Structure formats: C-alpha cells, structure tokens
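One structure is given here, and the rest of the page talks about it.
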There are 4 protein chains.
Amino acid sequence: MGKAATQEKTRTRRHANRLPAEKRISDIMIAARQVFTERGYDDALISEIAERAGVVEGSIYRFFTNKRDLLVKVVESWYEEMLEEDRAQFAAVRGTWKQIRFVVLQHLYSIRREPGLSRLVFQKLRSEPSYRETRVFQLNQSYTHRIVDIVRAAVAAGEFRSDVSPGLVRDLIFGGVEHRTWAFLRNEGDFDPVTLADDLTNMVCRALFLPGEAASDHFDAAAKRLEKVAERLERLAEGAGS
Amino acid sequence: MGKAATQEKTRTRRHANRLPAEKRISDIMIAARQVFTERGYDDALISEIAERAGVVEGSIYRFFTNKRDLLVKVVESWYEEMLEEDRAQFAAVRGTWKQIRFVVLQHLYSIRREPGLSRLVFQKLRSEPSYRETRVFQLNQSYTHRIVDIVRAAVAAGEFRSDVSPGLVRDLIFGGVEHRTWAFLRNEGDFDPVTLADDLTNMVCRALFLPGEAASDHFDAAAKRLEKVAERLERLAEGAGS
Amino acid sequence: MGKAATQEKTRTRRHANRLPAEKRISDIMIAARQVFTERGYDDALISEIAERAGVVEGSIYRFFTNKRDLLVKVVESWYEEMLEEDRAQFAAVRGTWKQIRFVVLQHLYSIRREPGLSRLVFQKLRSEPSYRETRVFQLNQSYTHRIVDIVRAAVAAGEFRSDVSPGLVRDLIFGGVEHRTWAFLRNEGDFDPVTLADDLTNMVCRALFLPGEAASDHFDAAAKRLEKVAERLERLAEGAGS
Amino acid sequence: MGKAATQEKTRTRRHANRLPAEKRISDIMIAARQVFTERGYDDALISEIAERAGVVEGSIYRFFTNKRDLLVKVVESWYEEMLEEDRAQFAAVRGTWKQIRFVVLQHLYSIRREPGLSRLVFQKLRSEPSYRETRVFQLNQSYTHRIVDIVRAAVAAGEFRSDVSPGLVRDLIFGGVEHRTWAFLRNEGDFDPVTLADDLTNMVCRALFLPGEAASDHFDAAAKRLEKVAERLERLAEGAGS
DNA sequence: GATGAATGAGGATTCATTCAT
DNA sequence: AATGAATGAATCCTCATTCAT
C-alpha cells in the first residue's frame with residue numbers, strides 16, 4: 001500500500017536501449033563484481049552497481065532477487081570461471097605431487113587475483129546458515145573435491161597411506177591456504193604463490209606418502225649395501241667361474 | 001517493535017547504584033558476551049547489552065569507545081581466559097605429539113564451547129584491516145604460537161625435520177581446524193574433538209617426524225629385514241670366498 | 001521474489017494468438033476479478049492478472065487506462081451482472097414488505113458471494129473523490145434506487161407514511177447491511193442472509209407503515225368505542241333536554 | 001547488516017531540547033493527526049509528521065512501533081476524546097428519543113469536525129483483519145454501545161418492543177449515518193447534522209416504540225379526538241347540571 | 001557519574017506504466 | 001497488434017552514539 005498510490009502518478013521517462021537479457025545480466029554481474037570487490041558487501045550500493053552497469057536500479061531486480069542474491073550469483077560465476085579455467089590444464093597434470101601442487105597453486109592464484117571476492121566468500125557467504133543450500137557451496141565442493149579425488153587415487157595406487165581421511169586432507173589444505181593468506185586479504189602485503197604451493201604440497205605429501213615409495217635415507221642406505229653385496233657376489237661368481 | 005511499549009513500562013533503573021568501575025565493566029562484558037554470542041555482531045543491540053548489564057546505554061560508552069571496541073574487549077578477555085586456563089595444563093604435557101594434540105584439542109574445545117565468539121573472530125575481527133593492530137591479534141598470536149614453539153623445539157631436538165616452516169605448520173593446523181568446524185559453526189551438526197585432534201595431530205606429525213625417529217614403523221621393520229638379508233648374504237659371500 | 005527465476009522459465013506466451021478484442025477484454029476482466037478478489041487492490045499485481053489472462057502486461061493497457069480503471073470496469077460488470085440477475089425475479093415480487101426483503105436479501109447474497117469485491121467497493125472505490133463521476137456510482141444508484149422506488153410506491157399507495165425521506169430509508173438499509181457484514185468481510189465468521197433480511201425489513205417497515213395499517217389497532221378501537229359512547233350520551237342529553 | 005556499518009561512522013549532531021515524553025508524544029500525535037487528516041494514510045509522510053512535530057523521524061519510532069501504529073494511536077485518542085466529551089452531557093439527557101438523538105447528533109458532529117479521520121477509520125482501520133484485536137475496535141464498541149444500552153433500557157422500561165435486536169438497531173444507525181455522510185466525506189457538500197439526527201432518530205423510534213406508549217402522530221390525532229370527546233362530555237355535564 | 005532522550009543518515013526494494021521492437 | 005524489457009520515483013525504519021540534565 002502507499003507504493004501503489006505513488007506509482008499511479010505519471011512520471012517522466014527516458015527510454016533506454018533494449019538489450020538481450022544475457023547482455024544485461026552480464027553487464028550487471030560485471031559491475032556488481034567490481035563494486036563488491038572494491039567496497040565489500042555492506043558498502044556496495046545497488047545504485048552504484050546499476051550506474052556502472054548502465055542500468056536503472058529496478059532492472060537489477062528483474063534478474064536478481066535481492067542484493068544478497070546478486071552477490072551469490074557473482075560468486076557462483078566466479079567459481080564456474082575458475083573451475084572451467086583449470087579443468088583442461090588439470091587434466092594434463094600427471095603425478096600425485098604435481099596434481100596437488102597444481103590445485104593449491106591455482107587456488108592461491110585465484111585468491112591473489114580476486115582478494116575482494118575471496119574475502120566475501122570466506123567472511124560472508126560461508127558463515128551463513130543457509131550456505132549449505134547454496135550453489136556456491138556445491139561449486140566450492142567441486143572445487144575442493146579435486147583434492148579428495150587425488151588423495152583417493154593415490155591411496156588406490158598404493159602411493160598414499162590408506163588410513164587418512166581425504167576430507168581432512170582437503171580441510172588442511174584449504175584451511176591452511178586461507179589462514180596463510182588472511183594477512184594478504186587484509187592488505188598487509190603480498191605472498192608468493194609458487195613457494196607457498198610447493199611448501200604446502202611437500203608438507204602434505206610427506207604426511208601421506210607410504211614409506212617405501214618415498215625416498216627415505218636409510219632405505220637408500222640398505223639398498224646401497226645390498227647392491228654392494230650383489231656386486232661382491234657377482235665378483236665371487238666370476239672368480240669361481242675362472 | 002514495541003517501542004511504544006517502553007513508555008508504558010516502569011523505568012527500573014532510575015537512580016543507578018554507583019558501583020566500582022570494575023564491577024560495571026565486568027557486568028557489561030558478561031552481558032555483551034552473551035548478546036554477541038546469541039545474536040552475532042550486527043544483530044546485537046547496545047540497548048540489550050545495557051539492559052542485561054543493568055546499566056544504561058550511555059554507561060557503556062564510558063568504558064568502551066564503541067560497539068566494535070566492546071566486541072574486541074570481549075574477545076580479548078575470552079582469549080586471556082583461554083590462555084590462562086591452558087597454561088598450567090600445557091606445562092605438564094610432555095612429548096611433541098602430545099603437546100600438539102593438546103593444543104589442537106583445547107582449541108577444538110574452545111570452539112565447541114563458544115561457537116558464537118569463534119564465528120565472530122573468524123568472520124568479523126580477523127577480516128578487518130585494523131586487525132593487526134588489535135590486541136586480539138597479539139593474543140591470537142600467543143595462542144597459536146605454541147605450535148610454533150613446539151615445532152621449533154622438536155626440530156632442535158632432532159625429532160622434526162628442519163626444513164619446514166613452523167609458521168606453515170601453525171597455519172595448516174589452525175586453518176584445518178577452522179575449515180573442519182565451519183559446518184558446526186553454521187549449526188549443521190556436532191563434531192568429536194578428540195578424534196579430530198588425534199587425526200589432525202597424526203597427520204601433521206607424520207609430515208614432520210624424521211624418518212628413524214618415529215612413525216613409519218613398518219618402514220623400519222622392512223629396512224631391518226633388508227639389513228638382515230644383507231648380513232646373511234655377506235656371511236654367505238664371506239663363507240664362499242674363504 | 002524469484003525475479004531471477006523468470007529468466008530460467010521458458011516463455012510461454014511468445015507469439016500471441018490474435019483473439020478478438022472482446023475475448024481479450026473478457027479474459028482480462030475475469031482474471032482481474034479473481035486477482036482483485038484474492039489479494040485486494042494494492043496487493044493485486046498487473047503481472048499476475050496478465051499471466052492468468054494469458055496476455056502480457058502491455059495488452060492490458062490497450063484496453064484499460066490503468067490499474068484503477070481495470071478495477072472500476074470489473075466492479076461495473078459485477079454490478080451489471082447483479083442488476084440483470086435480479087431484474088426478472090424482482091418484477092415478480094408483490095407487496096411492499098416482500099419487495100424490500102427481496103432487495104435486502106439479494107444484496108446480502110451478493111456480499112456473501114463476493115466478499116472481496118464488496119470490500120473493494122466499500123473501502124476503495126466509494127471513498128475516492130472521483131467516485132461520483134464513476135459509472136459504478138450510477139450503477140450503485142440504480143441498485144439502491146429500488147428501495148427508493150418501493151418506498152415511494154408504498155407512500156403513494158397509502159401504505160407508508162409520507163413524511164419520510166426515501167433516501168434516508170435507502171441509506172439506513174444499505175448502511176445497516178454494510179455495518180452488519182463488516183465482521184464477515186474481515187473473515188470473522190459467517191452470517192445468515194435470510195434472518196438478517198427478515199429482521200432488517202421488519203424493522204424498516206415497522207418504522208414506515210401507517211398507523212391504521214399496522215400496530216395501534218386497539219388504540220383506534222378504543223377511541224372509536226369512546227366516540228360511540230359520547231354519541232349515545234349526546235343523544236341521551238338531547239333527548240333529555242328537549 | 002550494513003546498517004550497522006554506516007551507523008558506526010561519525011556524524012554531525014545538532015542537539016535538541018529535552019522534553020517530557022508526554023509532551024513529545026502529544027506533539028507527534030497532533031502533527032500526525034493533522035497530516036493524516038490532510039493527506040490520508042498513504043500520502044502522509046513520516047518525515048512531514050516529524051517536521052511538524054519539531055522532532056526527528058527517529059524520535060517517532062521511540063514512541064510508535066510504525067506508521068500504522070501511529071495512525072491507530074491517533075484514532076484511539078480521538079475516540080477517547082469523543083467519549084470523554086460526550087460522557088457528561090450524555091448523562092444529563094433524559095428520555096429515550098432524546099438520548100438516541102443525542103448520540104446520533106454527536107456522531108454526526110464528530111464526522112463533520114473530523115472528516116479525514118472518519119474516512120480513515122471507515123476505510124482503512126475497519127477493513128483490516130486485525131481490526132477486532134485493536135483498541136480502536138473496543139473504543140468504537142464503547143462508542144456505539146450507547147445505542148445498545150439505550151435500546152435495552154427502553155425495552156426494559158416497556159417503551160420499546162422487545163422483539164428487536166439492539167445490535168441491529170446500532171448497525172442501522174451507524175451504518176445509516178455512514179452511508180448518509182459518504183458524499184460529505186468525499187467533499188461533495190455539507191450536511192445538516194440536526195435535521196439528519198432528528199430524521200434518523202424519528203425513523204428508528206417509530207420502528208421501536210410500542211403502540212400506545214408514545215409519540216406517534218395518530219396517537220396525537222386520537223388524543224385530540226379524545227379531548228374533543230371529553231369536551232363534549234364536559235359540556236354535557238355542564239348542561240346536565242344547569 | 002549516571003542517565004536515556006534525541007539524533008539523523010542512509011539504501012534496498014517495488015511494480016505500474018511505457019514504448020521500442 | 002502484441003510483446004515484455006526497462007523505467008525510476010519514492011519512503012519507512014534502525015540503532016549506535018551523543019550530551020544536556
């Protein structure tokens with residue numbers, strides 16, 4: 001009520017161009033991504049998003065339920081983008097260590113490229129009770145599930161110990177990355193994705209590789225002694241045969 | 001709601017009893033802790049905190065700069081409480097594995113006891129640019145630095161590999177715990193602190209223990225068997241050669 | 001809500017079938033009547049009316065000036081419907097009391113059948129300054145004028161007192177009915193049209209019937225007897241005095 | 001959320017005088033009554049009410065839950081005012097007819113004095129589903145119940161017929177008045193409260209008075225005829241005595 | 001020192017209506 | 001004629017913070 005009263009009044013109108021819905025949605029999402037990134041959720045104004053998108057405020061509500069929905073959609077598309085980007089490259093990566101490192105590194109790159117969005121996900125979306133019903137949750141699952149898959153495959157291949165929960169590995173990795181990058185997300189300085197990815201991957205692998213597989217020193221030593229024994233036996237055998 | 005109701009309510013706190021400032025502050029902080037925990041930061045009302053503390057809004061501002069400062073003070077006291085509580089027990093814990101497990105477990109207990117405050121720290125305080133200037137930051141440093149200390153000691157004692165950054169270990173642990181507990185913090189079900197602490201500690205230790213020292217028992221066994229084989233072969237070789 | 005949903009929905013009404021204008025108008029009015037009835041004026045959405053009518057919003061504006069005009073047209077057609085329905089039956093009703101009762105009862109039935117529309121008329125249309133220029137006003141006049149006609153006829157026939165304003169009778173009846181039915185219109189329970197119509201009609205008629213016709217018969221009788229006594233006494237006196 | 005963010009920013013302040021709550025409430029209600037009367041509910045702006053009351057918008061919400069509550073409170077106070085005003089005078093009115101006329105007349109005066117508020121009650125408050133839970137409903141009950149009381153007393157005194165529902169009488173009266181005054185409420189011209197009150201009261205009384213008891217015209221006529229008879233008898237008696 | 005009334009900025013959201021296609 | 005995307009004005013309410021009493 002009341003709204004209706006005013007709405008029935010005549011009003012001026014400056015008509016705009018009629019674009020395909022997709023273009024509009026994309027314009028709005030690009031603008032929203034910018035504004036959310038620059039200002040954070042609370043300080044992002046719908047009016048500014050509209051302005052940057054070259055759209056009137058009301059138009060945003062034709063495509064998005066509300067501000068929060070707009071954020072969610074922006075983040076979703078970011079996740080899809082990330083998942084899509086990596087997919088092809090990831091398929092080409094061979095070896096457990098390299099695969100883990102790849103995932104970690106890509107994740108670090110994403111955070112470094114989009115600190116604003118990362119912060120929003122960590123801070124705003126993930127903490128809401130409805131998060132689990134979100135598509136962002138599912139996308140994030142897909143995103144982080146790669147680690148679970150890699151770990152499972154490594155276990156199946158006998159590379160990794162079988163007594164570790166792949167989910168725990170995933171949480172250690174993504175949680176560790178997050179903790180490590182908070183300072184950066186607070187604008188307290190940069191970090192080196194490559195070094196961090198290497199360190200983190202090493203750490204995790206060290207915890208998971210089965211003994212025989214990994215290069216442990218005194219396994220080496222024993223092996224070397226065996227080799228020497230074998231050599232001596234060979235020499236003996238040669239001598240006996242002369 | 002019910003603004004009008006207040007006028008009909010008889011004012012309870014007409015002439016305030018003049019209590020010592022410390023008692024006031026403590027009352028306010030207890031009330032604030034409750035309200036922040038129950039409602040989260042944004043939905044916590046200064047008026048409700050004042051009411052529960054038996055003071056008026058204005059009094060809160062005699063002791064706290066603003067709402068945010070009040071939150072910070074509440075969290076600081078929580079951290080001090082936690083640090084104090086653990087200190088004695090921790091001093092009694094012997095052994096690297098046990099110490100790490102102790103810290104992890106206490107942290108998990110804290111989260112489980114105060115999910116509301118935990119969420120506020122993770123979500124609100126830590127993400128603000130001024131976090132690093134906060135005493136909460138320092139307290140948190142103390143809190144998490146225990147891990148760094150343990151790792152350093154273990155390295156010095158030759159238990160842990162020396163090529164790992166203790167800071168990274170700390171981030172893996174606290175980040176991992178955080179990631180693992182988000183579902184709980186969103187009220188999506190409980191978790192078992194003991195099991196989680198064990199698993200996490202195992203994982204981390206596995207990554208850090210030097211070969212001969214610990215874990216990888218069956219690697220050891222295998223190595224010993226290999227050595228025995230080698231010895232036998234050597235004996236054979238010696239016998240054959242005499 | 002669900003603005004975003006629309007984009008995912010397949011458009012149903014892509015290429016509109018070109019129906020005769022009358023069919024269009026009728027479809028729209030049927031849909032509008034439903035929606036206005038269900039939601040009331042302010043909460044009725046043009047978009048929902050359009051959807052139910054199987055047209056797009058714009059088409060509604062080809063036939064109706066604006067939302068309000070649509071309401072007015074809907075109510076007009078309802079009135080015409082009511083007037084038409086009753087006309088034949090009414091013509092067959094004989095007797096002042098029965099005619100009044102008929103009008104009241106039909107009115108009560110209408111309210112009971114269409115509480116939503118009734119409320120809109122009482123609440124929205126009638127209170128607007130332009131009401132008197134409305135055709136709804138005229139139709140309502142026709143509708144209520146029946147009472148005026150009945151009263152006038154009854155006065156002319158010597159049944160009703162001539163010193164009462166037929167308009168006042170009309171207002172008492174329709175106002176009384178309205179007051180009596182507000183609770184029902186607020187969904188606070190049903191009413192019995194027949195009883196109410198009887199009671200109301202009785203009340204009104206009691207106020208209007210000329211004395212001789214109705215009550216005070218025995219007062220008359222008494223007076224007549226006294227007159228006769230007086231006459232006899234006069235005759236006696238004359239006889240005695242002569 | 002979000003609100004809080006802005007609220008924590010510093011802001012300028014132009015401090016106002018500290019008035020007793022009652023004065024404030026009264027100022028606000030006076031202003032609100034004006035604005036609601038002038039503009040109707042939907043077009044009344046809280047900001048204008050605040051301005052006229054010499055108060056900031058927020059202050060209104062210290063005393064009133066929301067705009068609707070403010071309207072309700074304004075109307076309540078109007079009803080209380082009316083009830084209070086009449087009470088003393090009413091107590092002095094003797095006679096059924098005069099009492100009914102008094103109530104009707106006061107009601108008409110009220111409508112004439114406050115057409116804006118009357119319209120709001122008729123149009124807005126009374127049609128809402130929650131009306132029955134309102135104090136306005138109760139006050140209105142008190143207001144209209146006078147008629148019920150008068151009718152009951154008249155029935156008990158043997159003046160009025162006992163077969164009529166006092167509630168129906170009440171609805172006829174107030175409904176009739178309302179119907180009669182709609183044109184005025186739409187600004188379509190004035191009405192004469194006295195004449196209307198007389199006519200309405202007469203009508204109602206005519207419907208209710210028991211035959212022999214009171215002021216019906218042909219009771220008058222009969223009375224006159226009786227008087228003539230009496231005169232004739234007196235003359236006879238005089239003649240007989242000469 | 002305590003009180004608590006007063007401040008006042010600030011923005012998401014709705015939906016009837018238009019008019020380019 | 002039909003479509004339906006785009007328009008955009010317009011307002012209620014909250015609550016941390018202040019400062020006169």
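In what follows, every chain begins at residue 1, and chains take the letters A, B, ... in the order their sequences are listed. Worth saying up front: this structure is predicted, and the values here are computed from it rather than measured.
Whole-Å rounding puts the A/D42 CG to E/dA12 C1' distance at 12 Å. Remark: P of F/dT11 and CG of D/D43 are 8 Å apart, rounded to the nearest angstrom. Between A/D69 atom CG and E/dT13 atom P the separation is 10 Å, expressed in whole Å. One can place CD1 of C/I60 at 13 Å from P of F/dG4, the figure rounded to the nearest angstrom. Rounded to whole Å, atom P of E/dG11 lies 11 Å from atom CZ of A/R39. Here E/dA12 presents its P atom at 14 Å from CD of A/E51, a figure rounded to the nearest Å. In this entry the distance linking CD1 of B/I28 with C1' of E/dG1 reads 13 Å, nearest Å. Computed from coordinates, the C/L71 CG to E/dC15 C1' distance equals 17 Å when rounded to whole Å.
Comparing B/G58 and A/V56 by the nucleotide of DNA chain F whose heavy atom lies nearest to each, the residue mapping closer to the 5' end is A/V56. Residue whose closest nucleotide on DNA chain F sits further toward the 5' end, between A/V55 and D/S47: A/V55.
For A/R119, the salt bridge (Lys or Arg N to Asp or Glu O under 4.0 Å) criterion is met by no residue, not counting sequence neighbours. Not counting sequence neighbours, the partners of D/Y131 by the ring-ring contact (aromatic ring centres under 6.0 Å, His included) test are D/F137. Residues satisfying the salt bridge (Lys or Arg N to Asp or Glu O under 4.0 Å) criterion with A/E38, sequence neighbours excluded, are A/R52. Annotation: side-chain contact (heavy atoms from CB on, under 4.5 Å) contacts of B/E114 (sequence neighbours excluded): B/R33, B/T37, B/W78, B/L117. For C/K73, the salt bridge (Lys or Arg N to Asp or Glu O under 4.0 Å) partners at least two apart in sequence or on another chain are C/D69.
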Point to revise | Base-pairing string, 5' to 3', of DNA chain F - Watson-Crick or wobble, under 3.5 Å, | interstrand | key: .||||||||||||||||||||
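Donor-acceptor pairing under 3.5 Å, judged by distance alone, is absent between the side chain of D/E57 and the base of F/dC12.
Closest to the side chain of A/L45, out of E/dG4, E/dA12, F/dA6, is E/dA12. The C/R62 side chain lies nearest to F/dA2 when the options are F/dT17, F/dA2, E/dG4. Distance from the side chain of D/I46 is smallest for F/dC12 among the nucleotides F/dC12, E/dA16, F/dG4. You'll find that the side chain of C/K67 is closest to E/dT17, out of E/dT17, F/dA16, E/dT7. Candidate nucleotides E/dA16, F/dA16, E/dA2 were compared by shortest atom distance to the side chain of B/S59, and E/dA2 ranks first.
Judged by distance alone, the side chains of B/E57 and B/S47 never bring a donor and an acceptor atom under 3.5 Å apart.
The side chain of A/Y61 contributes no N or O atom lying less than 4.0 Å from OP1 or OP2 of E/dT14. OP1 and OP2 of E/dA5 both lie 4.0 Å or more from every side-chain N or O belonging to D/R24.
When heavy atoms are screened at a 4.0 angstrom cut-off, C/A44 is found touching the sugar-phosphate backbone but no base atom.
Contact record, C/V35 with C/L45: CG1-N, 4.2 Å, taken as the closest heavy-atom pair.
Atoms CD1 and CG, from A/I49 and A/L70 in turn, are 5.0 Å apart once rounded to the nearest 0.5 Å.
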